[in-house]
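The structure presented is a predicted model; accordingly, all values stated were derived computationally and were not measured. Atoms within a ligand are numbered from 1 in the order they appear, just like the ligands themselves. One-based numbering along the sequence shown.
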Amino acid sequence: MFFTLLRMKLHFQSYPLKLKHEFRLSYGSRTGTDSVQITLEDGGNTGYGEAVLPPYFGLTANDVLAELQNFDASILSINEWKESLKAIESSDLSSPTKAGLDMALHDLVGKVSGQPVYQMIGTVPAQMPATTYTIGQCDEAELKEKLLEAKDFHLIKLKLGGKDDWALVKQFRKHCSKPFMADPNQGWKDVNEALELIDFLKNEGCILLEQPMPANQPQGDQHRLKSESSLPLFADESVRSIEDLDSAAQSFHGVNVKLMKCGGIAPAHLLMKKASQLGLRLMIGCMAETSIGVMAAAHLAPLTEICDLDGPFLQANNPFPDPAMENGKICLTDRPGIGGGTRQF
Ligand code: MG
């Protein structure tokens with residue numbers, strides 16, 4: 001099927017995302033995240049995408065705006081969309097900018113051709129796993145408030161790596177009996193202490209642990225932690241692209257795949273295939289994102305066992321409708337494209 005199209009138009013603007021609650025991690029706290037909202041238009045349809053910029057990328061919204069100003073959108077084509085995705089992927093743009101363009105093109109192609117993205121990439125919505133709700137480090141009053149916000153979610157993700165992880169987990173357990181996973185965001189440096197904490201977490205009902213130690217921790221420590229851990233360990237900061245997988249397979253049981261890290265739906269899909277071949281288990285995650293980034297990732301979620309896609313629920317100014325949830329899972333509908341709804345600005 002071929003489509004006659006007007007020249008594709010690229011638009012973009014900076015949009016600072018504001019969090020509902022101050023977000024505290026092992027390496028600091030913040031109240032918002034820079035983003036650049038992107039559209040690709042063909043005259044009748046609008047494809048949405050976004051680049052979000054948590055501090056660990058070391059990029060500002062102005063860096064992304066400059067990349068997009070210099071990007072020649074005339075190289076993108078609806079009819080040759082798979083080639084266009086490869087052109088984005090092989091460009092020298094930063095990974096969040098690539099991810100924004102990759103999403104916007106998927107959304108536009110889906111809208112023009114009348115297909116949801118899961119059909120374009122061959123995933124099965126019925127295989128969607130439950131979505132987590134993330135709780136950052138906080139005091140007891142704030143914890144109770146957050147648990148109320150998390151009432152529709154069946155799995156909780158606790159951010160650890162603070163001064164007293166033992167106390168934080170005990171406090172969580174006092175108010176919530178749901179299964180949980182934990183993410184110290186590279187906050188643990190000592191293997192023996194980490195192993196003790198892992199046993200404690202397992203006893204408290206934790207199902208997996210994400211990135212306990214720094215990505216640059218000596219390999220001997222990382223290999224020992226993997227071999228002696230009583231919980232499955234998933235890489236996050238240690239895997240930013242497909243090139244990192246061989247080494248990650250030595251230190252982790254699984255990997256948290258994020259579109260912003262690897263440059264969009266197409267490269268994330270490739271990364272997942274290679275990770276599975278290496279025996280790594282799969283989780284899909286997000287940064288502080290709007291519904292567009294999270295719904296884009298949700299089309300890949302049926303390939304994973306953990307769907308860590310709560311970004312829009314934690315934002316105070318998501319410019320799209322929140323993703324629809326049913327029974328603790330994000331719904332993939334038959335709406336064409338990403339299915340993130342219409343942007344409210
Ligand atoms: Mg993480």
Q: State, without any angle test, whether D322 and N318 hold a side-chain donor-acceptor pair at a distance under 3.5 Å.
A: yes

(Q) Over 60° means perpendicular and under 30° means parallel, so tell me whether Y118 and H299 are parallel, tilted or perpendicular. (A) parallel

**Q.** F57: partners by ring-ring contact (aromatic ring centres under 6.0 Å, His included), with sequence neighbours left out
**A.** none

Q: For the Mg ion (ligand 1), check which protein N, O or S atoms are under 2.8 Å away and list them.
A: D183 OD2, E210 OE2, D236 OD2

Q: Check the angle between the aromatic planes of F345 and Y15 and answer parallel, tilted or perpendicular using the 30° and 60° thresholds.
A: parallel

Q. Using a side-chain heavy atom cutoff under 4.5 Å and only I, L, V, M, F, W and Y, what cluster partners does L148 have?
A. none

Q) ring-ring contact (aromatic ring centres under 6.0 Å, His included) with F23: which residues, sequence neighbours excluded? A) none

